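Note that ligands are numbered from 1 as they come in the structure, with each ligand's atoms numbered from 1 the same way. Keep in mind the model is a prediction, meaning the values are calculated, not measured. Residues take their numbers from the sequence shown, with the count starting at 1.
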Amino acid sequence: MKRLGILTGGGDAPGLNAVIRAAVKTAISVYDCEVFGIRNGYDGFLDADGIVPLGLEEVRGILPRGGTILGSANRGNPYARKVMRDGLEVTIDVSNEIVKGIEKLKLDALLVLGGDGTLRIAHELWQKGAPVIGVPKTIDNDIGGTEVTFGFDTALNIATEALDRLHTTAESHHRAMVLELMGRDAGFIALQAGLSGGADVILIPEIPFKFESIMNKIRARAEMGRKFSILAVSEGAKSLEGRQVFSRKGDEIYVPRLGGIGQVVGEYIENQGFESRVTVLGHLQRGGTPTSFDRSLATRYGAAAVRLAAQGGFDRMVALRCGRIADIPLEEATSIPKRVKMDDDAVITARNIGISFGDESKAKKKVEF
Ligand code: F6P
């Protein structure tokens, strides 16, 4: 392996720079490789200034930095790229140009740091001959085949701190505080942060809720003298009768943007005569310095991805399995997205300690381990 490319695609996640740093250091010091950064996701192969050399100097000091020094493109799907043709906006497939770009750069391997969308594209590019290796990135933790993605731990810490802060003001004002959290169709952030931050109600996409059940919990607490409640709500949560709430419609380029369920829940609580406030934590969950766990995981992923590339393990993704770095087919990682399971011990534990998922389930039911 002589020439290695690295790109970061999709929404950013804390730890991207740590992966880049570890990959560059390993590629140079162990394999004597030349490394190139592809800017702004797959788009870098199409842009005149889209390729940058990455040496030890370029990665110095980036370990604790959030974001990505390479830039990212959330909508950079080469199979559906919007361009102007004869004054009209049209969608075209430029995937062959990406493959040509990889060949022109004479890359022996391309590390693709991305979430499910970016990694699915990597798998499709492999079918056209691109020597891709995946690295699982996303705060949502929804990629199959790996115990955890980097970025998730940082998002959890930020969400937990937000819940802690909401607690004190909720208690002072006897209010229900709703915190809307990211995660798309996976409830891991709300579930784990809700557990760590002492939420009374956790609403996640995997467990459709009933509005009355939320109120039952809030009222039950009030009757016990706890006149405030904390709700951790996934942006993808939905009621049994309703649908997910979106703040923007999707099209062939843009995925629909989730957002607004926190407000819906907050308004319902207010209409029931209980004062409520809503906080949407938004991109604070993605920004800033990665936690120690994410830095370390990202570093291990970066070095392991280069070792995998050197062995020719293309169309595969590095993954965390039983606490060790392994590798799995990209198809396995992307074909079955990871979701919170009902028998997940975090769900069972939440029920055991009286947290409501808004589904009136048997919180006190005995569970066999
Ligand atoms: O996938 C990561 C994520 O932060 C989701 O949790 C969220 O729904 C989405 O990206 C937001 O995307 P954007 O940065 O385009 O607003």
Whether F152 and F188 hold their rings parallel, tilted or perpendicular, with breakpoints at 30° and 60°
perpendicular
G115 near ligand 1 by a heavy-atom separation under 4.0 Å
no
So which atom in A73 and which in N40 form the shortest heavy-atom distance, rounded to 0.1 Å?
CB-O, 3.4 Å
Ligand-side contact atoms (ligand 1) for residue partner E235, heavy atom cut-off under 4.0 Å
5 (C), 6 (O), 7 (C), 8 (O)
Could you tell me whether Q285 approaches ligand 1 through its side chain, its backbone, both or neither, with non-hydrogen atoms closer than 4.0 Å?
neither
When only distance counts, is M182 in polar contact with ligand 1, meaning an N/O pair under 3.5 Å?
no
For residues R175 and F274, report the shortest heavy-atom separation together with the two atoms involved.
C-CE2, 3.9 Å
Relative to the heavy atoms of G183, which atoms of ligand 1 are at a distance of less than 4.0 Å?
6 (O)
Could you tell me if any non-hydrogen atom of D140 lies under 4.0 Å from any atom of ligand 1?
yes
At a 4.0 Å cut-off, with the gap strictly under it, does some heavy atom of H283 reach an atom of ligand 1?
yes
Any carboxylate oxygen within less than 4.0 angstrom of a Lys/Arg side-chain nitrogen, looking at R60 and E57?
yes
Polar contact flag for R184 and ligand 1 (N/O pairs, less than 3.5 Å):
yes
Salt bridge R243-E241, side-chain N to carboxylate O under 4.0 Å:
no
Would you kindly say whether E147 and N141 are connected by a side-chain donor-acceptor distance under 3.5 Å?
no
